[in-house]
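The structure appears below as structure tokens.
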Number of protein chains: 2
Amino acid sequence: MARPTIADIAQRAGVSKGAVSFALNGRPGVSEATRERILRIAEQMAWRPHSAARALGASRVDSVGMVIARPARTLGVEPFFAHLLSGVQSGLSAESISLQLLIVEDTETEVEVYKRWTSEHRVDGVILVDLTVRDPRIDALKELELPAVVIGGRGGKGQLASVWADDRDAMLTIVEYLAALGHRRIAHVAGTPIFQHTQRRIRAVRDAAPRLGLVDAPSLTTDFSDAEGAATTRRLLAQADRPTAIVYDSDVMAVAGLGVAMEMGVSVPGDLSIVAFDDSILTQLMHPALTAMSRDTFDFGRQAAEVLLEVIANPEVPVNRRTADPVLTVRESTAPPA
Amino acid sequence: MARPTIADIAQRAGVSKGAVSFALNGRPGVSEATRERILRIAEQMAWRPHSAARALGASRVDSVGMVIARPARTLGVEPFFAHLLSGVQSGLSAESISLQLLIVEDTETEVEVYKRWTSEHRVDGVILVDLTVRDPRIDALKELELPAVVIGGRGGKGQLASVWADDRDAMLTIVEYLAALGHRRIAHVAGTPIFQHTQRRIRAVRDAAPRLGLVDAPSLTTDFSDAEGAATTRRLLAQADRPTAIVYDSDVMAVAGLGVAMEMGVSVPGDLSIVAFDDSILTQLMHPALTAMSRDTFDFGRQAAEVLLEVIANPEVPVNRRTADPVLTVRESTAPPA
DNA sequence: TTCGGGAGCTATACCGGTTTATCAAACCCT
DNA sequence: AGGGTTTGATAAACCGGTATAGCTCCCGAA
């Protein structure tokens, strides 16, 4: 027999469909003996719930969604997403909940997807990444009443659940490390200013500058691309009093920056120290290998999944979980200034 | 009213549920006038099908799956998957079919996932990547009668549908290009021998060697990691009569190889030419930028999606689509031998 | 002895679509 | 005009589960 249904099991066990449903879902209504018997038969017949049937009856889909709104080309290079995804899945797999992934170009499309998913009842909740300042997705999700968890930034007044690491602290660690080496001219090649984490990092640099006696600590925003990372680096290094250290908001930009430095005859770490905010194989492949801020992205994803499941189970209680602090991995690209 | 159902539409239009269903699915059974009216009302009420209900009734889920069986750490760096995914989704979005993505550690788990997906009716079909020699997944899918399309390799005698590019031809192009530059000692740092495409590339090199008068053209297999790529390169360059050109089976390994060369004082492209099989931002970020074989990965994915939909619609007819040939992008890492 | 109440189970409605059997009216042809 | 086919629609079954009302025992308390 192909794909047994609970009706088949019921027949074989000599009980009603209802009893089988009770037994399989571990809820009261059947005796322990009957439950045992039903479970054994189900096992034996290799029964598996029909997801659609269950979804229709119980109005939960056992599936969560994740939309990534970035142009595809920036996406691939960053191990960030791959690790995050794996982590999310490991968090979901325990409950055998599946993940819908969608890559779109912009935030408007992303919101559209949420609307569609909601009206088609395709997901029980979603995971958000790349929170921007005054993020339109928050209100949209609120209105849709779709459970959600934000990765990498507190949910804001909207009070979405969130999982975050302390960007500010991480950035302070980097700057203090460089200052301790003796650097006073530190530049920050940041990402898009619309991302909240970019803002937090910029603020951290600005706040720390006077305390550490930094002469100048400009944060220059980019679109996260290697091209702008390179261009910004070129501009910085062409200045009369160029910085002796540059902090990049992503590994890709740091690598691009390293290339520019080499091309301009600026030796790393002799004339210039480089730190990447975000670690990956990329930073390790370079010569010199780049000093970088490492986060446990996998764990990040896992926790996000866990929190999302909590929120789905109990939408009233917003969870706000802080993950382990990022760690600075010192490699060959940093040294005291000449 | 929250989330209208077809019953609501039927009532408002003064027709039966059946009529509404016919109208919404564009099938005969209603007059053109009635159809128009129903469609307008549905539009107006912002009706969207309940995916579970549809799945239950029509026994199709409008969802396809893709499992990637690779350790997460190799995954992120390769833009390959990100582009592929975007492509797949663009191919699916036309029919508004969603994608389930799963990253697992090994092929056994992957097969388990297929079984689970099938018995839970979670997907209508799947997309396979990284075909190995005597791939166990083919038989498994055959047995499950789950529609599938293989990316990057002919489906084999199992006759799964497939979408592929000509690896052999691509490799020949590379080797011929290097030979034309004057290289006679060419080495090939390959990927895992269990992948079919690795085999095809190795065979291409071996076959071309005598014709092009290559002195030696060894193919050395690795696990695709940067570590083994580097180690293999080191071994090759330490030889008495070291190769004047190396072809790498992935961009990551090529970058690692470049690092080793620089470290050993072997200048690129002066003493050594480097070609990467697979292009990405990585190859462009290097100094010198790497000559690489570029495939239109996005299009690859899009076509895979299209073919899968065809196969789902008509499982009898296996499709075998060949995509555009990869193109060699010459950059700074190749030159005539010293 | 009767009644209340809980445990254990059945029967059945229900979720929101699709599909099929059925049917009335219109149309078509000699 | 009568019989056959086509068209446009309906009512009801169905998909595979979940949720619930209700029934039957059985036990203990009044």
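Chain naming here is simple, since letters A, B, ... match the order of the sequence lines and numbering starts at 1 in each.
As judged by a 4.0 angstrom heavy-atom cut-off over every strand, A:R35 is placed among residues making no nucleic acid contact. Within 4.0 Å (heavy atoms only), B:T34 reaches sugar-phosphate atoms of the nucleic acid but no base atom. Among the atoms of the strands shown, none is found under 4.0 Å from any heavy atom of A:R60. A:S31 comes within contact range of the sugar-phosphate backbone alone, with a heavy-atom separation under 4.0 Å but no base atom that close. Contacts of B:V15 with the nucleic acid, taken as non-hydrogen atoms under 4.0 Å apart, involve only primed sugar atoms and P, OP1 or OP2.
Comparing atom distances between the B:A53 side chain and each of C:dT10, C:dG17, D:dA9 picks out C:dG17 as nearest. For A:A58, the listed nucleotide lying nearest its side chain is D:dT18; candidates were D:dG17, C:dA11, D:dT18. When distances run from any side-chain atom of B:S21 to the nucleotides C:dT18, C:dG16, D:dA19, the shortest one goes to C:dT18.
For the pair A:R54 and D:dG16, the criterion of a side-chain N or O lying under 4.0 Å from OP1 or OP2 is not met. Close to D:dG16, at under 4.0 Å from its OP1 or OP2, lies no side-chain N or O of A:T5. Residue A:R48 places none of its side-chain N or O atoms closer than 4.0 Å to OP1 or OP2 of D:dG16.
Side-chain contact check for A:Q100 and B:S98: at least one donor-acceptor pair (N or O, by modelled atom type) lies under 3.5 Å.
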message: Is there a side-chain contact (heavy atoms from CB on, under 4.5 Å) between B:T5 and B:H50? Walk through the geometry before answering.
response: CA-CA 8 Å; B:T5 72; B:H50 187 302; over 6 Å; no
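In this structure, B:E310 places its CD atom where more than 12 heavy-atom neighbours from other residues, nucleotides or ligands lie under 6.0 Å away.
Contact annotation: side chain of A:K17 to base of D:dG16, donor-acceptor pair absent below 3.5 Å.
Rounded to whole Å, atom P of C:dG17 lies 10 Å from atom CG of B:N25.
Mapped onto DNA chain C by nearest heavy atom, B:W47 and A:A19 fall at different nucleotides, with A:A19 at the one closer to the 5' end.
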